[in-house]
Amino acid sequence: MNILIVDDETDVEILFRQKFRKEIKSGSISLSFAFSGQEALDFLSKENPPQVVYVFSDINMPGMTGLELLKKIKEKFPQINVSMISAYGDSENYEKAIDSGAKEFFTKPIDFEFLKKEILALVDNKK
């Protein structure tokens, strides 16, 4: 099960690989990374249908925001679950994200235990 992490901060890759090291090693998930909204769309468009089942995107990114990316993913790939992350737990972004089809909304610092439960539930549903 491939998960795409979208964030303009490249150090996020190290953090996610560290937090999901057991799941990656066991082969239950694989992680891919995009560092902009456009890079994420290009990645998803490489395969038809995309092999990604979950996208986890930052909201505040230069160029295309995470909310714009969410809208485009839901239009082109409605089967993909998308969760948003923001450094700010403001209700406006939360409501926009959920109204646009986000599965979950996380605030930084990320609750990785909750995120793991979310992802592992998806893995179990795919079996």
Side-chain angles (χ1 to χ4, degrees):
M1 185 173 110
N2 195 9
I3 296 162
L4 176 62
I5 314 298
V6 187
D7 198 313
D8 60 308
E9 296 177 30
T10 56
D11 58 340
V12 164
E13 181 173 355
I14 296 163
L15 178 65
F16 271 83
R17 290 195 185 283
Q18 182 182 43
K19 295 291 185 179
F20 288 96
R21 131 180 112 248
K22 275 194 259 178
E23 293 79 6
I24 293 168
K25 194 172 183 177
S26 74
S28 61
I29 67 167
S30 63
L31 298 179
S32 298
F33 295 86
F35 301 104
S36 71
Q38 189 57 56
E39 191 180 331
L41 289 176
D42 293 345
F43 181 85
L44 292 172
S45 297
K46 281 186 200 173
E47 296 177 300
N48 189 13
Q51 297 304 302
V52 171
V53 296
Y54 198 107
V55 173
F56 189 72
S57 177
D58 191 14
I59 285 182
N60 297 311
M61 296 185 290
M64 184 187 309
T65 69
L67 290 171
E68 292 168 326
L69 175 62
L70 169 63
K71 186 175 181 198
K72 291 180 183 217
I73 290 173
K74 285 301 176 184
E75 286 170 1
K76 287 182 84 171
F77 313 105
Q79 75 281 11
I80 296 176
N81 289 296
V82 181
S83 285
M84 306 305 299
I85 181 169
S86 176
Y88 316 101
D90 63 280
S91 60
E92 183 181 340
N93 273 338
Y94 173 84
E95 288 172 20
K96 281 183 187 172
I98 299 301
D99 290 347
S100 297
K103 183 166 179 25
E104 290 292 340
F105 185 92
F106 293 85
T107 53
K108 293 179 181 177
I110 301 165
D111 180 346
F112 277 98
E113 288 309 308
F114 181 76
L115 179 59
K116 269 187 192 183
K117 286 178 188 164
E118 189 74 20
I119 289 171
L120 294 175
L122 280 174
V123 170
D124 290 341
N125 288 338
K126 294 287 177 188
K127 288 181 180 175

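The structure displayed is predicted, hence computed values, not measured ones.
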Could you go through residues 101-110 and list every donor-acceptor pair under 3.5 Å that involves a side-chain atom there, pairing it with any protein atom two or more places apart or in another chain?
residue : atom : partner : partner atom : Å
K103    : NZ   : E118    : OE2          : 3.0

Partners of [X] by side-chain hydrogen bond (donor to acceptor under 3.5 Å, both in side chains), sequence neighbours excluded?
X: N2; answer: S30, S32
X: E92; answer: K96
X: E95; answer: none
X: T10; answer: none

* Please examine the side chains of M84 and N93, heavy atoms only from C-beta on, and report whether any two atoms are closer than 4.5 Å. =>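 No; the side chains remain at least 4.5 Å from each other.
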* Asked: Taking C-beta and beyond as the side chain, do M64 and L41 meet within less than 4.5 Å on heavy atoms?
  ->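 M64 vs L41: side chains touch.
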* **L31 to R17 - nearest heavy-atom pair and separation** =>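 The answer is O-NH2, 3.7 Å.
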Same cluster or not: are [X] and [Y] linked, directly or through other Ile, Leu, Val, Met, Phe, Trp or Tyr residues, by side-chain heavy atoms under 4.5 angstrom apart?
X: M61; Y: I3; value: no
X: F114; Y: M1; value: yes
X: V6; Y: V12; value: no
X: I5; Y: F43; value: no

For residues 48-59, tabulate all N or O donor-acceptor pairs below 3.5 Å that involve a side-chain atom, not counting sequence neighbours.
residue : atom : partner : partner atom : Å
Q51     : NE2  : P49     : O            : 3.2
Y54     : OH   : S83     : OG           : 2.5

* Going through the distances and angles, do F112 and F20 end up as a side chain to side chain contact (heavy atoms under 4.5 Å, CB included)? -> CA-CA 9 Å; F112 277 98; F20 288 96; 3.8 Å; yes
* **Summary of salt bridge (charged side-chain N to carboxylate O under 4.0 Å, His left out) pairs that have at least one residue in residues 20-38, sequence neighbours excluded** =>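 Applying salt bridge (charged side-chain N to carboxylate O under 4.0 Å, His left out) to every pair that reaches into residues 20-38, excluding sequence neighbours, yields E23-K116.
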* With sequence neighbours excluded, tell me which residues meet side chain to side chain contact (heavy atoms under 4.5 Å, CB included) with K117. =>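 Not a single residue meets the side chain to side chain contact (heavy atoms under 4.5 Å, CB included) criterion with K117.
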* To do: List for me each residue that meets side chain to side chain contact (heavy atoms under 4.5 Å, CB included) alongside E39, sequence neighbours excluded, and say none if there are none.
  =>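 Testing E39 for side chain to side chain contact (heavy atoms under 4.5 Å, CB included), a comparison that skips the adjacent residues, returns A34, F35, S36.
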Please tabulate, one pair per line, all N/O donor-acceptor pairs under 3.5 Å involving side-chain atoms of residues 68-76, not counting sequence neighbours.
residue : atom : partner : partner atom : Å
E68     : OE1  : T65     : N            : 2.7
E68     : OE1  : T65     : OG1          : 3.4
K74     : NZ   : P78     : O            : 3.4
K74     : NZ   : I80     : O            : 2.8
K76     : NZ   : S45     : OG           : 3.4

* Asked: If you measure from OG on S28 to CD1 on I119, what distance do you get to the nearest 0.5 Å?
  ->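 Interatomic distance, S28 OG to I119 CD1, rounded to 0.5 Å: 9.5 Å.
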* Roughly how far, to the nearest 0.5 Å, is the CZ atom of F16 from the CD1 atom of I24? ->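 The CD1 atom of I24 sits 10.5 Å away from the CZ atom of F16.
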